[in-house]
Amino acid sequence: MTEYPPAHDGLGATEEAAGQPAPEVFLERFSPIGDEDIADASLATTPSPVDELPTRVRAVPLRVVPGGAERAIAWYRAQLGSAAYEGWCEKAARTAWGCAPKYPSAIAHWKRSGPKHTTGTPPKGAFVFWNISRFGHVGIADGRGGFYATGVNGRIGHASSVHYYRHYLGWIPGGCA
């Protein structure tokens, strides 16, 4: 397990109210995604050239910036094919939004956040969750029924349906809450 310092926005302020100590945040290594976690591998896609965004995304402090959902998706698109975040889906999803680490796992994020939605198409930028492994899994919705996440064919990728993985839980609005 890797220990991280208290949540910090990169600008000298913590996420907690003034005068309140910031909670310590511990991010755990997630279980690798195995073949048993994939419900339908044929749903993995490559974004069409029309959907492509620039391959570089400007680094920003850990704070939500204007165009949050677009920025989160652009971050994933810029990382397509990378294995750098394998085993760190929660860190990748919060980084895409420009958020400081907060939850020890994707399943903790799901349990401690809301409002939760278990039906309907997740809106662009929403966090989408699955109950695979004891740590769960999280990605970012594309707004068309698909998502971007780590562990798509073993790398950061895109799938056209949230049913790419088994045991879909649902979605919560995106952002740094």
Side-chain angles (χ1 to χ4, degrees), residues 27-55 57 64 67-99 102-177:
L27 293 180
E28 298 179 4
R29 179 120 174 109
F30 295 72
S31 298
I33 295 173
D35 291 341
E36 67 279 3
D37 299 317
I38 308 298
D40 189 348
S42 70
L43 297 172
T45 65
T46 302
S48 68
V50 174
D51 291 338
E52 288 181 15
L53 294 176
T55 57
V57 175
V64 174
E70 292 295 335
R71 183 208 180 274
I73 289 170
W75 184 89
Y76 272 100
R77 286 183 178 167
Q79 311 300 318
L80 285 173
S82 171
Y85 284 84
E86 283 308 296
W88 297 96
C89 62
E90 176 66 20
K91 183 177 181 180
R94 289 190 59 85
T95 297
W97 266 96
C99 305
K102 183 173 183 177
Y103 303 101
S105 67
I107 205 72
H109 187 171
W110 171 254
K111 289 178 178 178
R112 297 178 191 166
S113 297
K116 292 174 181 63
H117 304 273
T118 57
T119 62
T121 301
K124 185 182 287 187
F127 293 108
V128 289
F129 296 88
W130 297 266
N131 188 15
I132 54 176
S133 86
R134 67 184 182 138
F135 301 112
H137 193 61
V138 63
I140 300 289
D142 66 9
R144 298 181 309 241
F147 66 93
Y148 292 90
T150 63
V152 177
N153 289 331
R155 306 232 178 277
I156 289 179
H158 179 263
S160 62
S161 170
V162 295
H163 300 291
Y164 173 83
Y165 297 113
R166 297 186 194 283
H167 313 294
Y168 176 64
L169 291 170
W171 61 273
I172 61 170
C176 291

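Bear in mind that the values here come from a model prediction, so they are computed numbers and not experimental data.
In terms of heavy atoms, His158 sits closest to Val152 at O-CG1, 3.7 Å. In plain terms, the two heavy atoms of Ala106 and Gly136 that are nearest each other are CB-C, 3.8 Å. Residue Tyr168 comes nearest to Pro122 through the heavy atom pair OH-CG, 3.6 Å, listed as atom of the first residue, atom of the second, then distance. Nearest heavy-atom pair across Pro123 and Ala141 is O-CB, 3.3 Å. Considering all non-hydrogen atoms of both residues, Gly154 and Ala83 come closest at O-CB, 4.3 Å. Ala149 approaches Gly139 most closely through the heavy-atom pair CB-CA, 3.8 Å.
Within the structure, side-chain hydrogen bond (donor to acceptor under 3.5 Å, both in side chains) pairs that include any residue of residues 115-128 comprise Glu70-Lys124 (at least two apart or interchain).
Taking CD1 of Ile107 as the reference point, atom CG of Asn131 lies at 4.5 Å (rounded to 0.5 Å).
Contact check for Tyr103 versus Ser113: side-chain heavy atoms found under the 4.5 Å cut-off. Residues Phe127 and Ile140 form a side-chain contact, since some pair of their non-hydrogen atoms from C-beta on lies under 4.5 Å apart. Pro104 is listed as a side-chain neighbour of Arg112, based on a closest heavy-atom distance under 4.5 Å. Looking at heavy atoms from C-beta onward, Ile156 lies out of side-chain contact with Tyr148 at the 4.5 angstrom threshold.
In this structure Arg166 satisfies the side chain to side chain contact (heavy atoms under 4.5 Å, CB included) test together with Ala39, sequence neighbours excluded. Applying the side-chain hydrogen bond (donor to acceptor under 3.5 Å, both in side chains) rule to Tyr165 yields the partners His137; only residues at least two apart in sequence or on another chain are considered. Partners of Ala92 by side chain to side chain contact (heavy atoms under 4.5 Å, CB included), not counting sequence neighbours, listed by chain and number: Trp75, Tyr76, Tyr85, Thr150.
Formation of a donor-acceptor pair under 3.5 Å by the Trp110 side chain with backbone atoms of Gly170 is not found in this model.
For Phe147 and Trp171, the ring centers sit 6.0 Å or farther from each other.
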